Amino acid sequence: MTDRIQAIRGMNDILAEQTSRWQYLEMQVRSVLEQYGYQEIRFPILEKTDLFVHSIGETSDIVSKEMYSFTDRNGDSLTLRPEGTAGCVRAGLQHGLFKAGVQRLWYAGPMFRRERPQKGRLRQFHQTGVEAFGLNGPDIDAELILLGSRLWRALGLQDITLQINSLGSMDSRLVYRNALVEYFSDHKDLLDEDSRMRLDRNPLRILDSKNPAMQSLIDQAPAMSQYLDPESAEHFTTLRDLLREAGVEFMVNSRLVRGLDYYCKTVFEWVTDRLGAQGTVCAGGRYDGMVEHFGGEPTPAVGFALGMERLLELADSPGHEGRQPDLYFIHAGKGSETQAMKLAEQIRDAKPDLKVILHCGGGSMKSQFKKADRSGAALALILAENELEKRTISIKHLRVETAQQEVSWSALPAVLAEILDQNNPA
RNA sequence: GUGAGCGUAGCUCAGUUGGCAGAGCUCAGGAUUGUGGAUCCUGUGGUCGUGGGUUCGAGCCCCAUCGCUCACCCCA
């Protein structure tokens with residue numbers, strides 16, 4: 001206990017008890033993504049530090065204080081990915097994917113940010129990312145939102161609401177930024193310490209300050225919607241129309257800014273109030289400039305990321321425990337062990353769908369039965385002296401009141417199939 | 001990085017004004033030698049997070065430190 005090595009803070013083990021819930025969630029996510037024709041892509045967890053600095057932005061919190069970076073033996077600075085979009089773009093560029101037309105891609109895996117852990121926030125956490133490249137219209141923005149909406153339905157989630165906003169083109173965003181700086185500079189005496197810091201680094205972020213003392217100042221600040229360029233405004237209007245037509249409820253939140261520098265035009269967040277302070281389950285937006293920024297052809301792009309731990313906490317539905325074993329194979333007496341192992345292998349050959357636990361470690365019949373029961377198995381198979389001599393095996397039902405039966409080794413697969421089919425008509 | 005709360009068995013937690021460290025669950029064994037679950041009995045398991053201090057005596061009081069949790073910040 002004293003100085004045993006422990007996991008790194010904020011990097012949790014997911015134990016066997018939990019993995020079936022993860023698998024269920026991952027399966028649901030994957031099947032919805034496939035419904036929409038998205039394809040899985042896999043890329044490294046480690047990338048050159050510059051990739052993240054130049055996409056997420058030097059002034060962002062992620063880059064300025066949250067990355068796990070280190071110097072490789074050859075002097076390169078490498079970083080554990082804090083998000084997936086940058087790596088996805090890099091991989092797409094490196095393999096010429098964006099020259100081959102529209103790409104609908106997804107990926108899943110761990111991300112790393114060195115923050116103070118709290119509810120819904122870890123240093124190693126898992127995201128599923130969805131990205132669409134090569135489409136600049138609001139239709140694809142709407143598709144991504146509908147995809148999310150369908151996923152909540154598939155998971156039976158109710159308490160998630162959608163917030164959307166438009167940040168405009170990079171140019172109009174710059175104009176707005178200047179207007180904001182001017183406004184807040186005029187009221188510098190009313191700004192809190194954090195906001196003063198943000199004034200020159202990232203003024204848009206002042207807008208989503210939670211400090212109640214700042215609310216009236218923020219309420220009277222210039223609104224982004226006044227500064228949208230005509231194209232962005234039309235894009236946003238059409239998106240809202242599409243969502244209304246599709247029956248997706250949403251709220252326009254003009255203070256929705258997002259912390260990564262690369263976003264433009266559409267941004268959105270799916271939020272819940274059931275998760276404590278970290279209520280964002282899924283968020284994303286458009287990043288039309290990134291591919292070009294990294295030296296590719298101008299390629300519009302939109303995407304979002306799902307926080308899997310947060311989603312898991314919301315979808316706390318029981319009943320997705322791992323499947324119980326079908327058979328627990330008990331054996332006792334001289335020579336039974338080798339024969340039991342052979343028979344168990346034969347059963348696995350003949351009936352690959354069955355989950356068969358062969359008792360290991362010896363012990364009395366009584367203790368073996370106890371373990372059979374605890375394993376949750378439907379049937380116990382028994383091979384002891386009597387059976388061994390007669391070349392038979394006894395089958396005992398552990399969950400239903402049915403007489404124990406004895407069958408020959410050769411008849412075993414067929415009998416098992418019959419019994420288990422009756423138990424699970426499905 | 002800042003603040004608050006909490007650290008006693010594998011897990012959940014008791015522990016009185018400072019006086020021999022406990023329970024339930026889990027795990028292992030047993031209650032007529034080849035039969036589980038219910039009940040009963042027994043056992044394993046602890047440097048009370050760590051280090052100092054006060055005291056005849058500290059799980060309890062004081063200081064420091066580490067860890068966990070929640071919140072701020074920020075984000076999925």
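What you are looking at is a predicted structure, and each value in this text was computed from that prediction instead of being measured. Every chain is numbered from 1 and lettered A, B, ... according to where its sequence line falls, protein lines coming before strand lines.
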Exercise for the section: Could you give me the CA-CA distance, side-chain angles and deciding distance for L416(A) and D326(A), then say whether side-chain contact (heavy atoms from CB on, under 4.5 Å) is met? Expected result: CA-CA 10 Å; L416(A) 288 175; D326(A) 298 294; over 6 Å; no

Exercise for the section: Give S367(A) one of three labels, base, sugar-phosphate or nothing, depending on what nucleic acid heavy atoms sit under 4.0 Å from its own. Expected result: sugar-phosphate

Exercise for the section: Look at all strands and tell whether I382(A) reaches a base, only sugar-phosphate, or nothing, counting heavy atoms closer than 4.0 Å. Expected result: base

Exercise for the section: Between rC73(B) and rC27(B), how far apart are the P atoms? Round to whole Å, please. Expected result: 45 Å

Practice task
Under 4.0 Å between any heavy atoms, over every strand shown, what does R374(A) touch: base, sugar-phosphate, or nothing? Just pick one.
Solution key: sugar-phosphate

Practice task
Look at the side chain of E387(A) and the base of rG34(B), then say whether one donor and one acceptor between them are separated by less than 3.5 Å.
Solution key: yes

Exercise for the section: Please measure how far the P atom in rG7(B) lies from the corresponding atom in rG59(B), and state the result in whole Å. Expected result: 15 Å

Handout entry: Separation of atom CD in E406(A) from atom C1' in rG34(B), rounded to whole Å
Key = 12 Å

Exercise for the section: Considering only atom P, compute the distance from rG29(B) to rG37(B) and round it to an integer number of Å. Expected result: 12 Å

Exercise for the section: Identify, with sequence neighbours excluded, every residue that meets ring-ring contact (aromatic ring centres under 6.0 Å, His included) alongside F369(A). Expected result: none

Problem - Short side-chain N/O contact to rC72(B) OP1/OP2 from Q118(A), under 4.0 Å - result: yes

Practice task
Check every strand shown and say whether G120(A) touches a base, only sugar-phosphate, or nothing at a heavy-atom separation below 4.0 Å.
Solution key: base

Problem - Side chain R81(A), main chain P110(A), donor-acceptor under 3.5 Å - result: yes

Fill in the blank from the handout: When pairs are called at under 3.5 Å and a stem needs at least three consecutive Watson-Crick or G-U pairs, the stems of RNA chain B are B:1-7 with B:66-72, B:10-13 with B:22-25, B:27-31 with B:39-43, B:49-53 with B:61-65

